[in-house]
**Q** 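Sharing a structure here in structure tokens format.
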Amino acid sequence: MNPAFEKIVFVTGNAGKFSEIQAILASFGVEAIQNKGDYPEIQADDLEPIAAYSAKAAADDLGVPVMVDDSGIFIQALNGFPGPYSRFIEDRLGNPRVLLLMKNETNRDAYFKTVIAFCEPRKEPLTFSGTVEGKIAFEERGDGGFGFDPIFDYNGQTFGELGAEFKNTVSHRRRALDKFIEWMEKQ
Ligand code: ITT
């Protein structure tokens with residue numbers, strides 16, 4: 001790995017995201033340093049511009065290269081809801097009420113998406129995305145992971161049941177990070 005990327009500041013207030021990213025990056029010899037700073041988030045229908053905007057704001061403010069992770073769950077029967085509004089829905093409704101919205105839906109298809117944005121001060125941000133497909137379970141199962149993991153069924157078990165170690169091998173976040181790492185290795 002290029003020495004410029006041996007340490008990277010990851011701006012997030014979400015402990016679950018941080019521990020997943022820290023573990024994945026460590027396996028590539030990169031140390032993630034958490035910055036809990038609260039930077040402005042724009043509203044948009046896609047995650048890419050949201051992540052890019054926050055990364056640029058944080059990099060310009062801190063004066064060091066940073067990465068951010070903007071993620072969401074997109075439920076097909078609900079036309080992609082909550083998508084970029086996932087945080088708001090998790091805070092206001094939580095998993096039990098998302099399950100209620102899905103009570104009479106036979107189409108359970110959903111995907112998680114992560115966009116990692118990386119930005120150096122006074123430069124333009126780069127984005128790397130990853131998705132993983134699964135189904136919305138009928139009840140919460142498992143206490144691993146965080147957020148929507150207990151209701152996201154991946155081949156018969158939820159991410160909550162499968163736990164962080166397995167999740168980190170197939171997740172939306174892992175797939176986005178793989179692209180970011182590939183880019184870093186070329187620098
Ligand atoms: P930061 O912006 O500080 O990084 P956040 O929690 O606000 O943290 P997001 O807006 O990206 O981050 O998160 C959207 C929501 O989706 C939030 O409620 C997360 O807990 C949830 N979420 C994100 N990634 C997830 C994952 O891998 N598994 C389950 N839920 C996830």
Side-chain angles (χ1 to χ4, degrees), residues 8-25 32-59 61-62 66-75 78 80-99 101 110-119 125 127-137 140-154 157-178 180:
I8 182 157
V9 173
F10 175 23
V11 178
T12 183
N14 185 314
K17 275 185 191 177
F18 182 71
S19 83
E20 288 182 9
I21 289 207
Q22 185 182 36
I24 297 168
L25 287 181
I33 297 159
Q34 186 174 12
N35 180 300
K36 296 184 185 165
D38 204 10
Y39 289 95
E41 267 193 20
I42 56 165
Q43 229 178 62
D45 289 342
D46 298 317
L47 300 175
E48 277 83 356
I50 304 175
Y53 185 91
S54 299
K56 180 148 181 60
D61 180 58
L62 296 169
V66 304
M67 61 174 282
V68 306
D69 163 325
D70 208 62
S71 299
I73 191 166
F74 296 74
I75 304 176
L78 305 179
F81 179 86
Y85 310 105
S86 293
R87 176 63 197 267
F88 190 82
I89 295 307
E90 191 192 301
D91 289 349
R92 302 300 199 284
L93 301 184
N95 289 335
R97 287 167 83 184
V98 172
L99 290 177
L101 282 175
Y111 65 91
F112 270 125
K113 178 172 176 180
T114 285
V115 174
I116 302 280
F118 172 76
C119 191
T127 58
F128 307 89
S129 69
T131 60
V132 62
E133 299 199 351
K135 297 198 181 290
I136 300 300
E140 291 188 85
R141 298 199 312 267
D143 52 17
F146 65 96
F148 302 100
D149 284 339
I151 63 167
F152 186 80
D153 189 302
Y154 179 79
Q157 281 182 289
T158 67
F159 271 173
E161 292 173 302
L162 290 163
E165 203 174 320
F166 177 80
K167 181 185 170 191
N168 269 351
T169 65
V170 297
S171 74
H172 46 312
R173 182 159 294 108
R174 172 56 183 264
R175 290 170 181 171
L177 267 184
D178 277 346
F180 179 37

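Only heavy atoms go into these numbers, but all of them, side chains included; no hydrogens, no water, no symmetry mates. Atoms within a ligand are numbered from 1 in the order they appear, just like the ligands themselves.
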**Q** Which heavy atom of the protein is the closest neighbour of atom 22 (N) of ligand 1, given with residue, atom name and distance?
**A**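 Minimum-distance protein heavy atom for atom 22 (N) of ligand 1 reads F146 CE1, 3.7 Å.
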
**Q** Return the closest protein heavy atom for atom 20 (O) of ligand 1 as residue, atom name and distance.
**A**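 Here the closest protein heavy atom is E90 OE1, 2.8 Å.
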
**Q** Does any N or O of ligand 1 fall below 3.5 Å from an N or O anywhere on F112, backbone included?
**A**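 Min N/O separation from ligand 1 is not below 3.5 Å for F112.
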
**Q** Would you say Q34's side chain and F10's backbone share a donor-acceptor pair under 3.5 angstrom?
**A**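 Looks like no, no N/O pair under 3.5 Å.
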
**Q** Return the residue, atom name and 0.1 Å-rounded distance of the protein heavy atom closest to atom 30 (N) of ligand 1.
**A**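 Ranked first by proximity to atom 30 (N) of ligand 1 is F148 N, 3.0 Å.
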
**Q** Just to confirm my output: which protein heavy-atom neighbour is closest to atom 26 (C) of ligand 1, and how far is it?
**A**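 In this structure, atom 26 (C) of ligand 1 has K167 NZ, 3.3 Å as its nearest protein heavy atom.
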
**Q** Distance to 0.1 Å, residue and atom name: give those for the protein heavy atom nearest to atom 3 (O) of ligand 1.
**A**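 Closest protein heavy atom to atom 3 (O) of ligand 1: G13 N, 2.8 Å.
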
**Q** Nearest protein heavy atom to atom 28 (N) of ligand 1, by residue and atom, and its distance?
**A**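 Result: D149 OD1, 2.7 Å.
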
**Q** Counting heavy atoms only, name the option from K113, Q34, R87, R173 that's nearest to atom 15 (C) of ligand 1.
**A**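 Among K113, Q34, R87, R173, the closest heavy atom to atom 15 (C) of ligand 1 comes from R87.
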
**Q** What's the shortest distance from atom 6 (O) of ligand 1 to any protein heavy atom, and which residue and atom give it?
**A**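 For this ligand atom, the closest protein heavy atom is N14 ND2, 2.9 Å.
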
**Q** Can you figure out which of K36, R174, E20, K17 has its heavy atom closest to atom 11 (O) of ligand 1?
**A**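 Considering heavy atoms of K36, R174, E20, K17, the nearest to atom 11 (O) of ligand 1 sits in K17.
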
**Q** State the CD1-CD distance between I8 and Q22, to the nearest 0.5 angstrom.
**A**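 If I round to the nearest 0.5 Å, the distance is 13.0 Å.
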
**Q** For atom 23 (C) of ligand 1, what is the closest protein heavy atom, and at what distance to 0.1 Å?
**A**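 Its nearest protein heavy-atom neighbour is S71 CB, 3.6 Å.
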
**Q** Is there a donor in the side chain of D69 and an acceptor in the side chain of S71, or the other way round, less than 3.5 Å apart?
**A**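 S71 and D69 do have a side-chain donor-acceptor pair below 3.5 Å.
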
